[in-house]
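Below is one structure, written out as structure tokens; comments come after it.
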Amino acid sequence: MANTASIPAEGQLLVNIEDMSLLKDIKKAISMIKGVGKITMPRRRMTSYERSLRDLDEGRVYEAKDVDDLFKQCLG
């Protein structure tokens, strides 16, 4: 009696793309392959430093003249 391995019903393929300008074309090419159901791209999580820089760029920065003023702004 031969051993038979079952074929999984669904699988994943991880593709690392160096040139992100080709992403749209690569997604289109992969979607044309028979059996491909859904193509998703996980979002990269931003570091706290990157979020802080974004806050600076978008003007979400508050100033206080001293600690008492800071507490007044925070606590209302």
Side-chain angles (χ1 to χ4, degrees):
M1 201 164 176
N3 290 339
T4 58
S6 63
I7 299 173
E10 185 177 303
Q12 292 183 347
L13 174 66
L14 178 64
V15 178
N16 292 321
I17 301 170
E18 292 178 9
D19 186 357
M20 292 303 286
S21 66
L22 300 173
L23 180 63
K24 185 176 179 181
D25 295 332
I26 292 171
K27 285 173 75 172
K28 185 177 178 181
I30 291 174
S31 68
M32 289 186 211
I33 298 171
K34 182 180 176 182
V36 173
K38 181 178 173 185
I39 299 173
T40 58
M41 185 174 146
R43 300 180 86 185
R44 186 180 71 83
R45 294 187 63 171
M46 294 176 74
T47 65
S48 56
Y49 177 71
E50 290 169 325
R51 286 193 308 269
S52 299
L53 290 177
R54 186 183 60 193
D55 286 342
L56 281 172
D57 290 340
E58 295 178 4
R60 289 190 298 262
V61 180
Y62 304 97
E63 293 184 24
K65 60 183 175 186
D66 57 23
V67 174
D68 292 328
D69 186 35
L70 177 67
F71 280 120
K72 188 185 234 183
Q73 289 181 30
C74 292
L75 300 176

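Worth saying up front: this structure is predicted, and the values here are computed from it rather than measured.
Of the inter-residue distances, the one linking I26 atom CD1 with M41 atom CE reads 10.5 Å to the nearest 0.5 angstrom.
Residue pairs that meet the side chain to side chain donor-acceptor pair (under 3.5 Å) test with at least one member in residues 21-36, sequence neighbours left out, are D19-S21. Applying the side chain to side chain donor-acceptor pair (under 3.5 Å) rule to pairs touching residues 55-64 yields D55-R60, E58-R60, sequence neighbours excluded.
Closest of all the heavy-atom pairs between D69 and A64 is OD2-CA, 3.3 Å. Closest approach of I30 to I39, counting heavy atoms only: CG2-CD1, 3.8 Å.
Under a hydrophobic clustering in which Ile, Leu, Val, Met, Phe, Trp and Tyr are joined whenever their side-chain heavy atoms come within less than 4.5 Å, directly or via other members, L13 and L23 fall into the same cluster. In terms of hydrophobic clustering, with Ile, Leu, Val, Met, Phe, Trp and Tyr side chains grouped at heavy-atom distances under 4.5 Å, M32 and I17 are assigned to different clusters. Criterion: ILVMFWY side-chain heavy atoms under 4.5 Å apart, direct or through other members. Under it, I33 and V15 are part of a common hydrophobic cluster. M20 and M46 are assigned to two separate hydrophobic clusters, defined by single-linkage of ILVMFWY side chains at heavy-atom distances under 4.5 Å.
Among residues two or more places apart in sequence or in another chain, the side chain to side chain donor-acceptor pair (under 3.5 Å) test is passed with E50 by R44, T47.
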